[in-house]
Protein chains: 2
Amino acid sequence: MDLSQQIRERGLKATPSRLSVMKVLESKRQAYAHADLESIFIDMDRVTLYRVLNDFEETGLVHKVIDMDGVTRFAHCGHSCPGGHHADAHAHFNCQVCHKMYCLENAPIPSFDIPKGFMATGQNILVLGLCKNCGAA
Amino acid sequence: MDLSQQIRERGLKATPSRLSVMKVLESKRQAYAHADLESIFIDMDRVTLYRVLNDFEETGLVHKVIDMDGVTRFAHCGHSCPGGHHADAHAHFNCQVCHKMYCLENAPIPSFDIPKGFMATGQNILVLGLCKNCGAA
DNA sequence: TTAAGTGCAAAATCTTTGCAAATGT
DNA sequence: ACATTTGCAAAGATTTTGCACTTAA
């Protein structure tokens with residue numbers, strides 16, 4: 001689908017900044033941190049990038065994941081997403097060497113035993129390891 | 001076990017700052033953020049607290065968990081822990097109302113399907129929801 | 001045209017570092 | 001006594017806010 005259209009459908013204007021960010025997030029199946037994108041778009045204002053990412057996240061165009069180092073990362077939503085802050089429905093893979101994050105969209109989400117009186121509404125799952133590029137074999 | 005001893009066993013000195021922090025972490029089964037502890041120990045230096053927590057984590061006295069907001073939290077290790085940066089072997093529960101983190105030490109860790117070429121070495125699992133205090137029912 | 005988005009500067013956080021003074025063992 | 005730990009001040013890093021200017025629709 002047209003990127004401009006995806007953006008406009010969420011009530012946002014399809015500006016150059018947004019289109020560039022969206023293009024990167026959509027083409028690679030990876031979760032990017034603000035810093036990653038900042039070094040890709042060296043000419044783009046740091047603050048604008050913060051705002052672009054927040055707007056995307058708030059409108060459900062991308063989702064937010066926190067990696068093992070506490071760094072916030074954003075990934076394009078592969079499927080239809082509810083919009084607003086949606087709990088991630090799928091697990092993510094975090095490479096411990098290159099620190100890239102990949103979406104594991106087809107990994108099933110298991111349920112967990114939680115103490116009485118507690119109620120689970122979702123889960124955030126991060127699998128750690130070595131990605132194809134960094135891992136041996 | 002004696003707190004001072006636990007601390008000394010890891011090669012650290014049992015100072016008042018360390019004992020106070022350890023006491024809180026050990027008595028409640030919760031993961032505390034730096035900010036939480038800072039407001040408990042209003043008289044304690046911010047930097048000292050950072051260092052106490054880092055030392056505890058590096059020696060394996062406590063483990064580090066990152067919550068949904070990307071905030072680093074520390075929890076006392078219930079069982080024997082390997083020391084050094086050990087990947088958390090158990091899941092955690094993060095309350096979406098009070099933001100407290102609880103250790104789910106007995107929740108089994110499932111395995112996940114990961115793409116070919118990738119290798120998993122551990123996982124970080126966060127269950128979201130309402131804790132006993134904040135939840136209904 | 002005009003509401004939304006951008007860029008710059010500046011504030012507010014959060015975390016780390018250096019070093020002299022204090023303290024546990 | 002001596003290596004560790006603390007406290008303070010200051011530097012760095014990250015994220016947010018305010019406001020005038022620009023731009024997509």
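These values consider heavy atoms only, across backbone and side chains, with no hydrogens, waters or symmetry-generated copies.
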A/Arg46 CZ - D/dT15 C1' separation (whole Å): 10 Å

Atom pair distance, as rounded to whole Å: CD in B/Glu57 and P in C/dT15: 14 Å

Interatomic distance where CG belongs to A/Leu49 and P belongs to D/dT16 [whole Å]: 12 Å

Nucleotide D/dA25, atom P - distance to CD of A/Glu9 in whole Å: 13 Å

Residue B/Val47, side-chain atoms from C-beta onward, closest of D/dC8, D/dT17, D/dA24: D/dC8

Whole angstrom value for the distance that separates P of C/dA4 from CG of A/Leu12: 11 Å

Nearest to side-chain heavy atoms of B/Tyr50, which nucleotide of C/dT25, C/dT16, D/dT6: C/dT16

Validation row: B/Met101, B/Phe93 side chains within 4.5 angstrom (heavy atoms): no

Spacing between B/Leu19 atom CG and D/dT4 atom P, to the nearest angstrom: 19 Å

Selection from D/dG7, C/dT6, C/dG24 that lies nearest to any side-chain heavy atom of A/Ser17: C/dT6

Phosphate OP1/OP2 of D/dA25 contacted by A/Arg8 side-chain N/O (<4.0 Å): yes

A/Arg51, nearest nucleotide to its side chain (from C/dG24, D/dA25, D/dG18): D/dG18

Check: B/Gln30/B/His92 side-chain N/O donor and acceptor closer than 3.5 Å: no

Check: A/Tyr50 ring centre within less than 6.0 Å of A/His34 ring centre: yes

Atom-to-atom span, CD of B/Gln5 to C1' of C/dG24 - whole angstrom: 16 Å

Below 4.0 Å: OP1/OP2 of C/dT23 and any side-chain N or O of B/Thr15: no

Spatial distance of atom CD (B/Glu26) from atom CG (B/Leu3) [nearest 0.5 Å]: 5.0 Å

Taking every non-hydrogen atom, the tightest pair across B/Leu61 and B/Arg10: CG-CG, 3.6 Å

Touch class at under 4.0 angstrom, heavy-atom based, for A/Ala14 against every strand present: sugar-phosphate

Protein-nucleotide distance (B/Ile7, atom CD1; C/dG24, atom C1'), rounded to Å: 12 Å

Touch class at under 4.0 angstrom, heavy-atom based, for B/Arg18 against every strand present: sugar-phosphate

